[in-house]
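The block underneath contains the structure these notes are about, expressed in structure tokens.
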2 protein chains.
Amino acid sequence: MRKPAARIRLADAAFVLFDERGYERTTVDDIAERAGVGRTTFFRHYRSKEAVIFPDHDRLLELIRDRLATSSDSTALVAVSDAVRLVLLHYIDEGDLARRRYALTSKVPALRDREIASVARYQRLFREFIADWMGDPTEAASLRAELMAAAVVAAHNHVLRRWLRGESADPVAEVDEAMREVLALFPAPQSPKGRDDEGTTLVAFRTSQDLDALLPSLRRLIEDSR
Amino acid sequence: MRKPAARIRLADAAFVLFDERGYERTTVDDIAERAGVGRTTFFRHYRSKEAVIFPDHDRLLELIRDRLATSSDSTALVAVSDAVRLVLLHYIDEGDLARRRYALTSKVPALRDREIASVARYQRLFREFIADWMGDPTEAASLRAELMAAAVVAAHNHVLRRWLRGESADPVAEVDEAMREVLALFPAPQSPKGRDDEGTTLVAFRTSQDLDALLPSLRRLIEDSR
DNA sequence: TTATAGACGGTACTCAGTACCGCTCGGTGG
DNA sequence: CCACCGAGCGGTACTGAGTACCGTCTATAA
């Protein structure tokens with residue numbers, strides 16, 4: 001092991017200084033000096049001042065991509081859930097670091113925007129994957145892929161932020177539950193081939209009536225819509 | 001009318017130069033010079049180089065906020081749909097300008113990120129409004145508000161981008177249809193008082209099986225979930 | 001020992017954004 | 001007619017992020 005120490009020292013120095021003086025009032029020179037390296041070295045390790053806070057978004061993107069890539073038609077939704085869980089676990093592994101980053105992104109608009117932009121890249125990945133999986137090139141399917149990806153990412157962020165705020169004891173269970181809820185929102189996987197315009201379509205509703213009391217009108221509806 | 005000409009001339013100059021040389025290769029000095037004003041004047045009219053592309057996101061935010069504010073409990077979802085339509089109409093009014101902006105944001109990552117950050121602010125507005133409307137402070141409700149807001153915004157963006165790409169002849173009709181689809185995803189407004197945990201709950205699905213073939217499993221599901 | 005590649009530090013530059021100052025023009029009241 | 005005043009503008013100078021380039025040091029291989 002040669003000396004990847006500089007990279008770590010820079011990140012440490014950055015977080016400490018951001019805590020002490022705030023983000024804007026800390027210059028790259030300050031960080032480099034505190035880490036005991038030159039300014040040039042900072043930019044060798046991190047593309048920008050913001051990047052020192054989000055070191056491995058690219059790696060996370062690859063993680064998602066890889067997990068989604070290894071899935072068949074029938075396991076697509078499982079892959080989505082897995083990928084989401086993977087991302088969550090990544091943050092949990094970071095532990096306190098993730099929480100310090102959250103404290104920063106909550107206060108500094110520039111960092112918040114950067115975080116949001118990163119999330120949008122995850123969402124894009126999911127959207128493309130889901131659209132591809134649905135195979136259906138129609139406008140309706142395209143919209144549904146968009147909605148699904150948005151919901152998946154929103155659910156993840158919701159649980160993640162709860163954990164970051166210390167409001168969740170078992171975030172993995174929560175995200176699994178949230179994903180079930182999200183996927184339940186959307187019509188089932190729909191048989192890949194032989195789309196059935198025949199058959200039976202039900203709409204969702206909730207009623208206090210008994211099922212048997214509903215059956216006649218149900219049959220009438222189905223009959224009418226054929 | 002005094003002379004708001006400078007502001008417009010600056011925007012025009014910016015778009016022309018961005019088209020000609022690209023965004024990064026155009027400096028604020030270039031824009032100011034072409035508009036025939038000083039560099040200082042540019043920053044008097046626009047907070048940043050990026051802002052010249054997105055002049056009125058703040059106004060749009062106010063537009064949404066206002067529309068949402070003037071709604072009762074029973075018209076909340078209508079207000080959401082209206083607000084979304086308002087935003088879409090704003091872009092449509094811009095016409096060619098919106099399309100030029102789209103061309104830029106498609107090419108320049110920095111501008112794309114900025115756009116995404118703005119959209120996130122809309123989404124936040126919707127999320128807070130929906131959560132407030134639901135009134136329910138439980139975690140499940142909070143998640144549902146998050147999902148709904150994400151879906152609403154995703155639907156809007158989907159239709160907007162279609163129109164920007166020239167793929168939609170009647171974007172207003174499309175966004176109305178998309179909003180109906182989004183709102184249909186989520187359980188009905190739920191009766192304010194006397195929630196019925198009794199009764200019958202159906203989930204939405206589509207199948208090629210006949211209704212009669214499904215009835216046994218349906219009854220079993222209902223029985224199990226009581 | 002020499003050669004080479006990689007990591008580093010330093011200098012100098014561009015450009016976005018901020019702070020400040022001083023000018024001019026178009027009223028307005030005396 | 002004049003003195004005043006505030007708004008809009010241009011210019012200068014500064015900070016700080018990010019880039020380009022160059023010379024140096026060191027470890028490892030030949």
Side-chain angles (χ1 to χ4, degrees), chain A residues 1-55 57-58 104-105 107-115 117-118, chain B residues 1-55 57-58 104-105 107-115 117-118:
Chain A
M1 192 187 299
R2 278 194 312 282
K3 262 215 198 174
R7 188 181 170 84
I8 295 171
R9 282 211 314 280
L10 279 167
D12 285 344
F15 271 95
V16 169
L17 290 175
F18 291 164
D19 279 345
E20 279 180 15
R21 318 182 195 176
Y23 178 78
E24 280 97 351
R25 306 172 62 79
T26 303
T27 71
V28 173
D29 284 281
D30 296 336
I31 301 171
E33 189 184 358
R34 187 177 227 277
V37 300
R39 207 177 88 100
T40 313
T41 301
F42 177 92
F43 285 106
R44 276 207 188 85
H45 286 285
Y46 301 99
R47 264 185 253 181
S48 69
K49 183 180 166 186
E50 295 170 358
V52 76
I53 310 287
F54 310 102
H57 261 132
D58 289 345
L104 280 174
T105 53
K107 283 183 190 286
V108 185
L111 296 179
R112 166 181 287 269
D113 288 355
R114 164 103 182 203
E115 173 101 72
S118 299
Chain B
M1 191 187 299
R2 281 191 313 279
K3 260 213 196 171
R7 189 182 169 84
I8 295 171
R9 283 211 314 278
L10 279 166
D12 285 345
F15 270 96
V16 170
L17 289 176
F18 291 164
D19 278 346
E20 279 180 15
R21 319 183 195 175
Y23 178 78
E24 279 96 352
R25 306 173 62 77
T26 302
T27 72
V28 174
D29 284 282
D30 295 337
I31 301 171
E33 190 184 358
R34 187 175 227 277
V37 300
R39 206 178 87 100
T40 311
T41 301
F42 177 91
F43 285 107
R44 275 206 189 86
H45 286 284
Y46 300 99
R47 264 184 254 185
S48 69
K49 183 180 166 187
E50 295 169 358
V52 75
I53 311 288
F54 310 102
H57 260 132
D58 289 345
L104 280 174
T105 54
K107 282 181 192 286
V108 184
L111 296 179
R112 164 180 289 268
D113 288 354
R114 163 106 185 199
E115 172 101 72
S118 299

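A note on names: the letters A, B, ... follow the listed sequences, proteins ahead of strands, and every chain is numbered from 1. Everything numeric here is computed off the predicted structure, so don't read it as measured data.
Atom CG of Leu111(B) is separated from atom P of dA16(C) by 13 Å (rounded to the nearest Å). The distance from atom CZ of Arg25(B) to atom C1' of dT19(D) is 14 Å, rounded to the nearest whole Å. Between the CZ atom of Phe42(B) and the P atom of dT18(C) there is a distance of 11 Å, rounded to whole Å. Between the CG atom of Asp29(B) and the C1' atom of dA16(C) there is a distance of 10 Å, rounded to whole Å. One can place OH of Tyr46(B) at 17 Å from C1' of dA16(C), the figure rounded to the nearest angstrom. If you take CZ of Phe43(A) and C1' of dA20(D), they are 13 Å apart, rounded to a whole angstrom. Computed from coordinates, the Lys49(A) NZ to dG16(D) P distance equals 9 Å when rounded to whole Å. In this structure, Arg21(B) atom CZ and dC15(C) atom C1' are separated by 14 Å, rounded to whole Å.
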For nucleotides 10-14 of chain C, which of its nitrogen or oxygen atoms have a protein nitrogen or oxygen under 3.5 Å away, and what is each distance?
| unit_1 | atom_1 | unit_2 | atom_2 | d |
| --- | --- | --- | --- | --- |
| dG10(C) | N7 | Thr40(A) | OG1 | 2.9 |
| dG10(C) | O6 | Thr40(A) | OG1 | 3.0 |

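Cation-pi contact between Lys107(A) and Phe18(A): absent, since separation from the ring centre below 6.0 Å together with deviation from the ring axis within 45° is not met.
Distances from the side chain of Ser48(A) to the nucleotides dG18(D), dA16(C), dC8(C) place dG18(D) closest.
Legend: residues meeting salt bridge (Lys or Arg N to Asp or Glu O under 4.0 Å) with Asp12(B), ordered by chain and number and at least two apart, are absent. Listed by chain and number, the residues in a side chain to side chain donor-acceptor pair (under 3.5 Å) with Thr26(B) amount to none (sequence neighbours excluded). Applying the side chain to side chain donor-acceptor pair (under 3.5 Å) test to Asp30(B) and every residue at least two apart in sequence or in another chain returns Arg21(B), Thr27(B). Contacts of Phe15(B) classified as ring pair (Phe, Tyr, Trp, His ring centres under 6.0 Å), with partners at least two apart in sequence or in another chain: none.
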Solution key, residues 32-44 of chain A side-chain donor-acceptor pairs under 3.5 Å, sequence neighbours excluded:
none

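For dG8(D), the OP1/OP2 oxygens have no side-chain nitrogen or oxygen of His45(B) closer than 4.0 Å.
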